[in-house]
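The structure presented is a predicted model; accordingly, all values stated were derived computationally and were not measured. The chain is numbered in sequence order, starting from 1. Note: hydrogens, waters and symmetry copies are ignored here, and every other heavy atom, side chains too, is used.
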Amino acid sequence: MVRRSGDDAAGFVELLLPARPRYVAVAREHLRVSATNAGFTTAQVFEMSVAMSEAFTNVIVHANTTWVTLRYAVEPHALTVEVEDDGEGFDTAILDQPYTADAERGRGLHLIRSLMDMVECQSSPMGTLVRMTLRKAARAREGRPWKVAARPFRSIGHIRRKIDRYKRDLALMRGDVEPSDEQLDDRAILERFAETEDKKGLIGDRKLRIKALQAMLEELLKEDGEALR
């Protein structure tokens with residue numbers, strides 16, 4: 001799923017992709033187009049692509065989730081990438097530990113920090129958000145502390161689409177609907193369902209996530225309504 005808005009100088013792309021290795025290339029291509037059209041150099045586009053790929057790969061390897069959300073927010077002098085999942089989360093204390101080549105965890109996130117001008121991260125048992133920004137003007141990148149990411153750039157429309165996606169996941173796993181050959185998303189969830197030994201647990205997980213997203217949607221709609229008063 002893709003949502004685009006804005007123009008070359010300022011814009012926004014939002015994707016909901018299966019957390020599978022082959023979709024990293026899809027995410028890289030969307031990022032390359034957004035960054036190139038915004039006037040970033042070839043070297044800067046490469047750095048952003050490597051950083052985003054590391055964050056995406058971390059989701060695939062560690063988060064134990066089916067979907068990953070990516071957002072590319074283009075501003076006149078910078079581009080921000082968000083990689084968000086609703087997986088198991090991790091202890092962010094590892095981010096403040098000095099990097100060592102033999103470290104078992106945190107290597108990818110430390111690489112991201114070395115490539116981008118600003119990196120923020122928040123994680124909990126409900127998921128992880130990594131936000132990274134690269135400015136067109138070069139800046140020093142060493143010795144900067146990690147920051148806790150504020151509210152992500154998620155849209156109400158995206159949450160609604162994610163709820164719809166999880167509802168379709170449930171229907172597919174239960175056999176209530178037939179998968180579409182044209183829908184890669186359908187194949188992704190059925191592959192995950194076939195691989196898991198805890199099929200009841202995966203179905204229960206989808207039900208829980210739908211409820212959590214519906215509660216989040218209600219809160220956002222309430223906030224937007226109060227802001228308009």
Roughly how far apart are Arg71 CZ and Leu16 CG, rounded to 0.5 Å? 9.5 Å

Are the side chain of Asn64 and the backbone N or O of Glu88 linked by a donor-acceptor pair below 3.5 Å? no

N-O pairing of Arg165 and Asp186 below 4.0 Å: yes

Applying side-chain contact (heavy atoms from CB on, under 4.5 Å) to Ile203 and Lys207, what does each step give before you reach the verdict? CA-CA 6 Å; Ile203 289 174; Lys207 291 179 179 178; 4.0 Å; yes

Can you give me the closest heavy-atom contact between Thr69 and Glu14, atom names plus distance? CG2-CG, 4.5 Å

side-chain contact (heavy atoms from CB on, under 4.5 Å) between Tyr23 and Val68: does it pass, once the steps are laid out? CA-CA 10 Å; Tyr23 292 95; Val68 57; over 6 Å; no

Show the nearest heavy-atom pair for residues Val83 and Ala55, with the distance to one decimal. CG2-CB, 3.7 Å

Report the C-alpha distance between Leu70 and His30 in whole Å, list the side-chain angles of each, state the deciding distance to 0.1 Å, and finish with yes or no for side-chain contact (heavy atoms from CB on, under 4.5 Å). CA-CA 10 Å; Leu70 296 105; His30 279 285; over 6 Å; no

Any idea which heavy atoms bring Lys136 and Gln44 closest together, and the distance? O-NE2, 2.9 Å

I need the Arg192 CZ to Thr66 OG1 distance, nearest 0.5 Å. 4.0 Å

In this structure, CG of Leu217 is separated from NZ of Lys162 (nearest 0.5 Å) by 13.0 Å

Find out if a path of hydrophobic residues (ILVMFWY) with successive side-chain heavy-atom gaps under 4.5 Å connects Ile210 to Leu221. yes

Compare every heavy atom of Gly87 with every heavy atom of Arg209, then report the nearest pair and how far apart it is. NH2-CA, 4.3 Å

Indicate, with yes or no, if Leu170 and Leu208 share a hydrophobic cluster defined by side-chain heavy-atom contacts under 4.5 Å among Ile, Leu, Val, Met, Phe, Trp and Tyr. no

Looking at side-chain heavy atoms only, is the closest gap between Met52 and Tyr72 below 4.5 Å? yes

Test item: Leu79 and Leu31 side chains (from C-beta on) under 4.5 Å apart, heavy atoms: yes

With a 4.5 Å limit on heavy-atom distance, are the side chains of Thr128 and Asn58 in contact? no

Find out if a path of hydrophobic residues (ILVMFWY) with successive side-chain heavy-atom gaps under 4.5 Å connects Val177 to Leu190. yes

As a quick check of understanding, evaluate side chain to side chain donor-acceptor pair (under 3.5 Å) for Arg32 and Ser49, giving each step before the final call. CA-CA 7 Å; Arg32 184 192 67 79; Ser49 295; over 6 Å; no

Under a 3.5 Å distance rule, please check whether Thr196 uses its side chain to pair with a backbone N or O of Phe193 as donor and acceptor. no

How long is the span from the CD atom in Glu178 to the CG atom in Leu172, to the nearest 0.5 Å? 9.0 Å

With rounding to the nearest 0.5 angstrom, report the CD1 to CG distance, Ile189 to Asp169. 4.0 Å

Could you walk me through whether Asn37 and Val74 pass the side-chain contact (heavy atoms from CB on, under 4.5 Å) check? CA-CA 10 Å; Asn37 288 344; Val74 180; over 6 Å; no

How close do Trp67 and Asp85 get, counting heavy atoms only, and between which atoms? O-CB, 4.2 Å

Closest heavy-atom pair and its distance - Leu115, Ala51: CD1-N, 3.9 Å

Has Lys211 got more than 12 heavy atoms of other residues, nucleotides or ligands less than 6.0 Å from its NZ? no

Is any side-chain heavy atom of Asp86 less than 4.5 Å from a side-chain heavy atom of Tyr166? yes

Any non-hydrogen side-chain atom of Met116 less than 4.5 Å from a side-chain atom of Glu47? no

To the nearest 0.5 Å, tell me how far Ser34 OG sits from Glu29 CD. 9.5 Å

